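Nothing fancy with the numbering, it's 1 onward along the sequence. Here the structure is a predicted model, which is why all the values come from computation and not from measurement.
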Amino acid sequence: QLYLLDAQGEPVPPGVVGELYLGGIGLARGYHHRPDLTAERFLPNPFAQEPGARLYRTGDLARSDAAGRLVFVGRRDQQVKLRGYRIELEQIAAQLRAFPGVADGLVLLRSERDTPQLVAYVVAAAPTLDLAALRAFLRARLPSYMLPHAIVPVTAWPQTPNGKIDRQGLPLPEREDAALDAALVAPGTPLEELLAGIWADVLRLPRVGVRDNFFALGGHSLLATQVISRVRAAFQLEIPVRSLFDAPTIEELARRIADARGESPEAIPVMKRASREQVLPLSFAQQRLWFLDQLEPGSRAYAMPIALRLHGPLDRAALQHSLDALVARHESLRTAFGLVGDTPVQQIAPAQPLALRYVVVAGTDAAAREGQVQTLLAAEVQQPFVLATGPLLRATLFGMDAETHVLLLNLHHIIADGWSMQVLLRELVQLYR
């Protein structure tokens, strides 16, 4: 027995995507020695007449076509998180299929040039597909954070031996505007040439035209921050990140920089280090996270854990010194968020050693220790943060044997983001060396 059900356990209409459930007398009893997984996947069958009947929740998403056949479209766990947004890939794929020139479509989260991006794959309904019209169609129906970075037409889906779509077999996207390289407008001034070099380096592209849109080339807010940071260093000029959003081409940004450089130095505010003796307000992003913590104290929703498996002899003293130096270098890693009156403020603690907790992982063999460390990691990540007192960075070292360790660093999102986590790891490696 096959059932396509929605999130409430109700059957979905023909053509609508639902999760596939299996029932009937041939159904397995459960998972061997896994009562937790059995309870999660084997559920009471509300459609059966016989008592005790159950349904198996497959996790597969499918829809029925006009002939009544089931078409596999993906997995229920295809919800992804990208730059702070939780995205249902199937929602984007549904909009792809709604375009008149598309017969079928799916979306993957792929890492291109070390940057995760949404990539859409489409099977065209006609010999030619107007990608520009498809992009305009998606822009009118999806928020900007759900727009695919690239759209890749394919003639047919690659298949796995059991007939499902082979996602790993789908081609990596190429630069969509490669055909437009002949019409690419090259830099015409030294300023534009310098900006083109910065853009190409940040976006990991071989070349960039002065009329190319930064965000159409795959840029996003974190990369925009990197561009503006390099522009500030190159021109000794303080310009806001918003400038790149308002002037997303090299041509437009160059004009803004030229205008700013022509003004008197007094007209251009330069960043100055604020005194740590005064009350330090929260940034807008920190205010948002602080407010959410007041609504749900101790929520784990904004924990940013990262676990590193370390192979070979470990110098625990050197690791401790490295973490201490990291905390001393970055004030955010020793910041708490208390109240002055009714106003939340940043409270930066003096540099001091970071408490590195060491846990010996029990187990008679490697498999047992591996299972134990996974349990310990999950338990540690569930420990809440207290914003008012800190610490908002916790470090735990799990010793599996003399040559294998797992280092867990867990930070609250109020003191770190995706970009700063990359900085943290890079510096930790350099300090340990």
Side-chain angles (χ1 to χ4, degrees), residues 1-7 11-23 27-28 37 40-41 55-82 85-131 133-135 137-138 141-142 145-176 218:
Q1 299 168 359
L2 306 179
Y3 299 87
L4 283 183
L5 307 179
D6 61 17
V12 298
V16 174
V17 174
E19 184 174 353
L20 180 63
Y21 288 73
L22 306 180
L27 194 65
L37 194 56
E40 176 188 340
R41 292 297 188 91
L55 288 178
Y56 174 66
R57 186 177 191 177
T58 67
D60 287 339
L61 300 178
R63 69 179 188 277
S64 58
D65 63 12
R69 297 170 299 190
L70 290 182
V71 180
F72 176 80
V73 298
R75 291 284 300 167
R76 181 175 56 86
D77 53 11
Q78 283 185 336
Q79 184 189 75
V80 300
K81 188 173 182 181
L82 180 64
Y85 293 98
R86 294 196 180 276
I87 299 171
E88 292 284 354
L89 299 182
E90 177 54 31
Q91 289 183 2
I92 308 173
Q95 294 300 330
L96 290 171
R97 292 191 290 268
F99 185 69
V102 172
D104 201 359
L106 64 84
V107 180
L108 300 180
L109 182 66
R110 308 195 77 156
S111 287
E112 299 300 317
R113 302 182 294 272
D114 299 325
T115 301
Q117 302 281 7
L118 295 173
V119 179
Y121 295 89
V122 293
V123 176
T128 60
L129 177 64
D130 189 341
L131 292 180
L134 176 55
R135 280 197 172 278
F137 180 85
L138 295 176
R141 289 161 175 79
L142 294 172
Y145 63 86
M146 291 179 69
L147 292 174
H149 164 65
I151 300 177
V152 182
V154 294
T155 55
W157 301 127
Q159 300 283 316
T160 63
N162 59 1
K164 295 182 179 181
I165 298 175
D166 181 9
R167 283 166 164 72
Q168 299 301 317
L170 290 166
L172 291 173
E174 298 179 358
R175 189 182 172 193
E176 288 185 19

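The only member of V122, I92, V119 that meets side chain to side chain contact (heavy atoms under 4.5 Å, CB included) when paired with P148 is I92.
Listed for the Y56 side chain is no donor-acceptor partner under 3.5 Å among the backbone atoms of L20. In this structure a side-chain-to-backbone donor-acceptor pair under 3.5 Å is missing from Q95 to L138. A donor-acceptor pair under 3.5 Å is formed between the side chain of R97 and the backbone N or O of G105.
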Just do the side chain to side chain donor-acceptor pair (under 3.5 Å) check on D104 and W157 with the steps written out, would you? CA-CA 9 Å; D104 201 359; W157 301 127; 3.1 Å; yes
Before giving the answer on side-chain contact (heavy atoms from CB on, under 4.5 Å), spell out for L147 and L118 the whole-Å C-alpha distance, their side-chain angles and the decisive distance to 0.1 Å. CA-CA 7 Å; L147 292 174; L118 295 173; over 6 Å; no
Dump the intermediate steps for side-chain contact (heavy atoms from CB on, under 4.5 Å) on F99 and L129, then the final yes or no. CA-CA 10 Å; F99 185 69; L129 177 64; 3.9 Å; yes
V17 vs V12, side-chain contact (heavy atoms from CB on, under 4.5 Å): CA-CA, chis, key distance, verdict: CA-CA 7 Å; V17 174; V12 298; over 6 Å; no
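Between R63 and E90 there is no salt bridge, since no side-chain nitrogen of the basic residue lies less than 4.0 Å from a carboxylate oxygen of the acidic one.
Atoms OG1 and CD, from T160 and Q168 in turn, are 11.5 Å apart once rounded to the nearest 0.5 Å. The line from CG of L106 to CG of L170 is 6.0 Å long, rounded to the nearest 0.5 Å.
Taking the ring centre of F137 as origin, the terminal cationic atom of R141 falls inside the region bounded by 6.0 Å and 45° from the ring axis.
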